[in-house]
Each structure stands twice: as C-alpha cells, then as structure tokens.
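Before any comments, here is the structure.
What you see is a predicted model; the values in this text were computed from it and never measured. Below, chain A is the first sequence line, B the second, and so on; all start at residue 1.
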Protein chains: 2
Amino acid sequence: MTTAYAQIRQAIVEGRYQPGQRLIEQRIAEEFALSRTPVREALRRLEAEGLVHSEPNRGAVVRDMTIEDLSDLYGLRAQLEAYAAELAAARIEPHQVEELDAAIADFDRALADDESDPLDVTRLIADANRRIHGTVLAAARHDRLGQLLDRTVDVPLSFQAFRQFDRAETERSHLFHQLIRDAIVAGDASRASALMREHVLQGRDVLVAHLEG
Amino acid sequence: MTTAYAQIRQAIVEGRYQPGQRLIEQRIAEEFALSRTPVREALRRLEAEGLVHSEPNRGAVVRDMTIEDLSDLYGLRAQLEAYAAELAAARIEPHQVEELDAAIADFDRALADDESDPLDVTRLIADANRRIHGTVLAAARHDRLGQLLDRTVDVPLSFQAFRQFDRAETERSHLFHQLIRDAIVAGDASRASALMREHVLQGRDVLVAHLEG
DNA sequence: GCATCCCAGATTGCACACAATCCGCTAGCC
DNA sequence: GGCTAGCGGATTGTGTGCAATCTGGGATGC
C-alpha cells in the first residue's frame, strides 16, 4: 500500500498524471504490478489529502484547480504557516535553532554558488527551503498542524512545472527567512507570524503571476 | 464503504469506541455485517482525518489525546475559523446573510425557551450553533478550508461527553455570534476574524476547564 | 534468575473473483 | 427528427482466501 501510495502521489505531483485525468484502478495496478486492493487504498488516501477527487461508482480523477483555487489554497497555507511560526516562537528548542540556522546557511551558500549547474543550484535551494519551513513546523510541535500543512503545501506542486527561481525573488525569500528566524528566536510570536504570512503570500503572487503569464 | 465509514465514525465520536481502543478489522466487520474490505477503507479514511491512528501491520486504534493536544487543536481551529470569517466578510451573499440571521434567531429562541425539556433545548442550541458556523464557512467559499475545518471540529467531540451548556457561557456565545455577523455583513474582515478567533478560544477555555475539573 | 530464541495464535496486507453500478449507444416509438 | 428505454462493456464495490508480519508466552541456555 505504502508503495502504491508513494508512487501514485509522485506521479501526480510530478505531473505524469495530469489534472483531470481519470485514475482507473485496474490500469494503475497493472502499471505498478500490483493488485487493485492497494491501489484503491492509495486512492482513498490521496482523496483525503485533496490531490484526487472521486465519486461513488465513478472512480477517481486527478483534481483540477483554477487559478482562484490555487490562490485560495495559498491563502490557507499562509494562515497555517503563520500559526506555525507563532507557535514556534514560543516552543522552539536550542537544537532546532541550530537546524534552522544550518538550513538558512545552506540556502545562502546555494544562492552564492555561481559555478555549479543551475539545475543543481535550484535543487539545493528548494531543499534548503523545505528544511527551513520543516524546521519551523517541527518547532511548533503541533502534529495536526503539520499534517494539514503537508497536504496543503504539496497540492500546488502538481500545477507548477519544475521551474527555475528568479534571482530577485529568491533573495527576497532569503531575507524573509532570516527575519522570520530572528523573530522566532527572539520569541516574538506576532512578528514571526506576520512575516511568515507575508512570505507565503509573496510566493502566492509569484505563482499566480507565473500561471497567468 | 460509505456506510462502514459513517458507522465507525459515529461510534468514535459518540464515544462507543473509546480512545486507545484497538479497532480490529474482523471484529468491526462482524459487528456491522460486512466484509473486512469496506472496513479497511473506512479505517484508512478515518486515519487521514485524524480520528484514528494506525501503524503498518499493527492495525488501528482510536486516537488518544492529552488535554494539551486538544488545546492545540482548538488553537488550530481558531485560526481556521478566523480565516473563514475573514473570507466571509468579503464573499458573503445576501441569501447567506439571511441564513445566518435565521440561525442566530433560532439560537436566540432556544436560549429564551424555559419550558421545553432542557435536553431538547441543548440540542436546539447545538444545532443552531452548527448552522451559524456552517453558514460562515459556506460564505467563505473555500472548499479546502471547509474540509479541514470539518475534520478539526469533529475530533474533540469524542472527548466531550454530551454536556449541558452553562447559561452564561451560552449567552456569551450568542453575543459573539451577533458581533461576528455584524462584522461580516459590514465587510469588516479583520474584526470578523478577530472576533471569531476569540469566540473559538473561549470555547477552548471552557473545554479545558471542564476536562481539568 | 535472567535473557534469548522460537513457536503459535492473532491480525494485517494483498490477490483475485464475483456482484453492483454506471455510461454510451442503439433501437424503437411518437 | 427527437426522445426514451434498454442493452453491453467498462469500472467500481464487496467478499473471501492465503501469505506476511507482529505479539506474547514458554522453553532453553547461561
């Protein structure tokens, strides 16, 4: 099951299964050399996560979203991540501060790297970014919030082709990461929250502009 | 599947399956005169919703929560409902204002009713309350937010025995409902948001006090 | 006495078969 | 010509058997 879930999920997030496409159990089962049973369970799980939409007796399709839907989703994510930052400001532990600093340093290093393959640099940046947000979330120590955020963050990925980060945008993100880090470490919950909200909403604007253009 | 899901869920929320209790597929299947297959799917769905926790090859148990977990959950709910109120202030439509007013009027009527069986009154109040919050959520026009909220709101129910509402508390809720309604209708998003957050956090305090006492 | 190994029972994970349902299409009727 | 009823293929929903895995307890060795 776990394997079916992970594989189908990856296929959706990477865009191999496109929005709107029907996900026929038998076909997927054959594709992954499994029976329908684990495929069904994976589809139910993906439905609960919102990546897939399904109706009784009619099966599942990869969920399609309008730009408005995506924009709303980012708005929700902004709320959730802002709350995570707020909690983190009160709950973060020293070793998590170290993790956060390390991830921010990696982001900085990747940003300054003008020798490696740009594709690798993009990957490094994306990874450091994930670690930064992940550490804030872990510091919030709120399992359920983490769960909801994981799901909310991944959905839009299926609508973004893998794309290079614009330099100015990336530097702005870096700045925000540092400000957010400082607010959290200083225990200033309301500023941490506001900065994180703004940071995510900036991301929304960039995505929307990209999709409209 | 749908029937298995609904039945198991109800059993958990009503407390017939207690927190910590193992949910053995075969046993539940027999109890509802089904095979294990729909039961399995229902358990997976409940797991995704957070009502149930399960580990590979070890099965599912009704999720247990500490007071801290519940308190955190209410904090999350406060964020989400506040966001719903914020969006509703910008998006509500005339017929939804009518629905909201009708639900608030029902709440008022139930509150003034000192003749009916107190248990019926409590049920009426709980129902009006659900409609008020449901209408705000509908007015927010944000499917995903609605989904997340449904799940976040129901979980604590399994930890509350059905209880009478304290009169002062109920009147305070009624007041907040009216203030929230006015802010939404006036299009004042930030006040609607702040009021809703406070309203939910009051609910948290009451629940926590109740569980500790 | 204590730790370790191993076995038996219980339970979940998966495959497969059959039943129920849905959708598109054709034939028949008005 | 257009509309409705009904048929057949495709797909999902459910039941069941077997394999894989975990748990607890007892026997064995130190």
Side-chain angles (χ1 to χ4, degrees), chain A residues 1-13 15-65 143 147 150-151 155 158, chain B residues 1-13 15-65 143 147 150-151 155 158:
Chain A
M1 192 274 285
T2 283
T3 170
Y5 167 75
Q7 286 183 292
I8 297 171
R9 180 182 181 120
Q10 194 175 5
I12 293 173
V13 171
R16 276 179 36 232
Y17 293 159
Q18 300 253 327
Q21 181 175 338
R22 282 190 70 185
L23 298 174
I24 291 161
E25 298 171 359
Q26 184 61 44
R27 291 245 292 262
I28 297 175
E30 282 166 14
E31 188 173 335
F32 297 138
L34 289 167
S35 84
R36 278 176 55 218
T37 311
V39 172
R40 282 177 66 78
E41 298 199 353
L43 290 177
R44 287 294 145 80
R45 211 167 141 188
L46 292 165
E47 183 188 3
E49 289 183 21
L51 276 167
V52 148
H53 177 78
S54 77
E55 288 178 43
N57 288 309
R58 302 197 37 190
V61 299
V62 180
R63 183 153 179 179
D64 200 359
M65 300 187 102
D143 289 349
Q147 247 183 44
D150 280 346
R151 294 177 195 166
V155 175
S158 56
Chain B
M1 191 275 284
T2 282
T3 171
Y5 166 75
Q7 286 183 292
I8 298 171
R9 179 182 183 122
Q10 194 176 3
I12 294 174
V13 171
R16 276 182 34 234
Y17 293 160
Q18 299 254 328
Q21 181 175 338
R22 282 191 71 186
L23 298 174
I24 291 160
E25 298 171 359
Q26 185 62 44
R27 291 246 295 261
I28 297 176
E30 283 166 14
E31 188 174 334
F32 297 138
L34 288 167
S35 83
R36 281 176 51 221
T37 312
V39 172
R40 283 177 65 77
E41 298 200 353
L43 289 177
R44 288 295 144 79
R45 212 167 140 188
L46 292 165
E47 183 188 4
E49 288 183 22
L51 276 167
V52 148
H53 177 77
S54 77
E55 288 179 44
N57 287 311
R58 302 198 37 190
V61 299
V62 180
R63 184 153 179 180
D64 200 359
M65 300 187 103
D143 289 347
Q147 247 183 46
D150 280 345
R151 292 175 195 168
V155 175
S158 55

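- Helical stems in DNA chain C, defined as runs of 3 or more consecutive Watson-Crick or G-U wobble pairs with donor-acceptor distances under 3.5 Å: C:1-30 with D:1-30.
- With values rounded to the nearest 0.5 angstrom, B:E47 atom CD is found 11.0 Å from B:L23 atom CG.
- Taking atom CD1 on A:I28 and atom P on D:dT12, their separation rounds to 9 Å, with Å as the unit.
- Scanning for side chain to side chain contact (heavy atoms under 4.5 Å, CB included) contacts around A:D143 gives B:R63, with sequence neighbours left out.
- Distance, A:Q26 CD to D:dT14 P: 18 Å, rounded to whole Å.
- For B:V52 against B:V62, the heavy-atom pair with the smallest separation is CG2-CA, 4.4 Å.
- Residue A:R22 holds its CZ atom at 11.0 Å from CD1 of A:I28, rounded to the nearest 0.5 Å.
- Partners of A:Q18 under the side chain to side chain donor-acceptor pair (under 3.5 Å) rule, at least two apart in sequence or in another chain, do not exist in this structure.
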Identify the pairs formed between an N or O of the protein and an N or O of nucleotides 16-19 of chain C at a distance under 3.5 Å, and give each distance.
unit_1, atom_1, unit_2, atom_2, d
C:dC16, N4, A:T37, OG1, 3.2

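- Atom CZ of A:F32 and atom P of C:dC14 are 14 Å apart (whole Å).
- In this structure, OG on A:S35 lies 11.5 Å from CD on A:E30, to the nearest 0.5 angstrom.
- Between B:E49 and the options B:R151, B:R9, B:Q147, a side-chain hydrogen bond (donor to acceptor under 3.5 Å, both in side chains) holds for only B:R9.
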Do any N or O atoms of the protein come closer than 3.5 Å to N or O atoms of nucleotides 6-11 of chain C, and which pairs are they?
none

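- The heavy-atom pair separating A:A48 from B:A48 by the smallest distance is CB-CB, 3.4 Å.
- Evaluation of the side chain to side chain donor-acceptor pair (under 3.5 Å) rule for A:R36 yields A:E25 as partners, not counting sequence neighbours.
- Exactly one of A:V39, A:V13, A:T3, A:L51 qualifies for a side-chain contact (heavy atoms from CB on, under 4.5 Å) with A:I8. That residue is A:V39.
- If you take CD on A:E41 and CZ on A:R44, they are separated by 9.5 Å, rounding to the nearest 0.5 Å.
- At whole-Å resolution of the value, CZ in B:R44 and C1' in C:dC14 are 11 Å apart.
- When the P atom of D:dA10 is taken as reference, atom CD of A:E55 falls 22 Å away, rounded to whole Å.
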